[in-house]
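The structure appears below as C-alpha cells.
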Protein chains: 2
Amino acid sequence: MLPSAQAPLYEIKANLFKGLAHPARIRILELLAAAPGESAPVSYLLAETGLEASHLSQHLATLRKHRVVTSVRSANAVTYQLAHPGVSQLLAIARTFLLDSLAGSREQLRLAQQLPADHLAGGPAS
Amino acid sequence: MLPSAQAPLYEIKANLFKGLAHPARIRILELLAAAPGESAPVSYLLAETGLEASHLSQHLATLRKHRVVTSVRSANAVTYQLAHPGVSQLLAIARTFLLDSLAGSREQLRLAQQLPADHLAGGPAS
DNA sequence: TGATGGAATGATGAATCCATCATATCAGTG
DNA sequence: CACTGATATGATGGATTCATCATTCCATCA
C-alpha cells in the first residue's frame, strides 16, 4: 500500500525504491529513458522485453502506482512516459555507482562476496 | 542472493534498489549521509532510529551485502560509512523527485491515490 | 451490434522479505 | 578465565511480492 502524502518522507522514499526493485521494471524504465521523448507504446515494450503481456502490464501498473511513469491512450494503443527526469537520473547514478563499485573492488569481490564472515586479516599482496 | 558480477546490469541495478527498499534502511543511510565523514557508530544509529539492536544489525547486514556501506571495527564498537558518494546522490535525487511529485499533483493524489478504479466523474469540490 | 486485437485486472501457489526471539561472537576488564 | 557490553547471526511465523493463468475492459472496424 502506498503511503499517504503525510507519511514520513523516508517511508515514501523507501516505497519509490521498492517500485524500482525489480529487473523487469528496470528494463522498462531504461527502454523508456532511451526512447525518443522518454516514451514508448506498450507494444514496443512488449517486443523489447519479451515479457508476457499480462506480466508486463502488471509491472506497468506498479510503476504507475508509484508515479514513476504516466500513461496516455491513443486509439487502442497505450503510450507510457517517464513521469520525471529524476527517474533517468536515478538510473544513471545507479549505473555509475555500480560500475564504479564493480570495477573498484574486483579483488575484494573474490574474498568478501558472500563467504561466511571471512573478514581478512592480512590482505592479499597480489 | 546477490547476482554475480557477470549478471546483466539491470538485474544488479534492481538488486541495488532492493537494498534501499525499506524505510529503516533509508533512515540509516540518511543518518550516515548527514553525519560527519558520512560515517557513524552503530550505537549512534541505534539511538537515533530506536530500532531493536538485532533488527538494526540485520538491516546493516543487508546494506553491507549490497555494498552500500562499509564497516570498520574499533575496539568493541563498529563504525559504518557510506561506500560511495553515489549513495547520497541517489537519496538526494529521490528527495527532489518526491517533493516535486508530491507538490505537483496534490489534487490528483486525492482523486487517484488508490481508490478502486473510481476514475472521477465530477471530482470533489472541497 | 458483433467480432477483433491490444491492454488491464483478478486470483492462485511459490518464493521472498520482515519482525521477533534466542543464541553466538568479539574485545575489553576484573 | 568468567563476565560484561556491543554487535552479529540463526531460526521462526506472518506478511508481501512474483509468475502464471483466465477473464475482462476498451476502442476500432466490419
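A quick note: this is a predicted structure, and the numbers were derived from the prediction, not measured. Chain letters run A, B, ... following the sequence lines, proteins first, then strands; residues in each count from 1.
Atom-to-atom, CD of A/E11 to C1' of C/dC18 comes out at 14 Å; the value is rounded to the nearest Å. Distance, A/N76 CG to D/dA27 C1': 6 Å, rounded to whole Å. The distance between atom CG of B/L63 and atom P of C/dC17, rounded to the nearest whole Å, is 14 Å. Atoms CG (A/N15) and C1' (C/dC17) sit 14 Å apart, rounded to a whole Å. To the nearest angstrom, P of C/dT9 lies 12 Å from NZ of A/K65. Per the geometry, CG belonging to A/L60 stands 10 Å off P belonging to C/dT9, to the nearest Å.
Looking at every heavy atom in both residues, B/L90 comes nearest to A/F17 through O-CZ, 4.2 Å. Taking both residues in full, the closest heavy atoms of A/V69 and A/L60 are given as CG2-O, 4.4 Å, listed atom of the first, atom of the second, then distance. For B/A33 against B/S88, the heavy-atom pair with the smallest separation is CB-CB, 4.1 Å.
Using a 4.0 Å cut-off between charged side-chain N and carboxylate O, B/K18 and B/E11 make no salt bridge. Here B/E48 does not pair with B/R27 in a salt bridge; the nearest charged N to carboxylate O distance is not below 4.0 Å.
When each of C/dA7, C/dC18, D/dT7 is scored by its nearest atom to the side-chain atoms of B/H22, the top-ranked nucleotide is C/dC18. The listed nucleotides are C/dA8, D/dT7, D/dT28; the one nearest the side chain of A/V42 is C/dA8. Among the nucleotides C/dA8, C/dG28, C/dG6, the one closest to any side-chain atom of B/A75 is C/dG28.
For the pair B/R64 and D/dT9, the criterion of a side-chain N or O lying under 4.0 Å from OP1 or OP2 is met. Using a 4.0 Å cut-off, no side-chain N or O of B/Y80 falls inside it from OP1 or OP2 of D/dA6. Look at A/R73 and you won't find any side-chain N or O under 4.0 angstrom from OP1 or OP2 of D/dT28.
Contacts of residues 27-37 of chain A with DNA chain C (heavy atom under 4.0 Å): none. Contacts between residues 45-59 of chain B and DNA chain C, defined by a heavy-atom separation under 4.0 Å, are made by B/S54, B/H55, B/Q58, B/H59.
With rounding to the nearest 0.5 Å, the separation of CD1 in B/I28 from CG in B/L20 is 11.5 Å. Atom OH in A/Y44 sits 10.5 Å away from atom OG1 in A/T49 (nearest 0.5 Å). Note that the OG1 atom of A/T79 and the CD atom of A/Q81 stand 9.0 Å from one another [nearest 0.5 Å].
Across all strands shown, D/dA30 pairs with C/dT1; the Watson-Crick or G-U wobble distances both stay below 3.5 Å.
Legend: residues meeting side-chain hydrogen bond (donor to acceptor under 3.5 Å, both in side chains) with B/H59, ordered by chain and number and at least two apart, are B/R25, B/H55.
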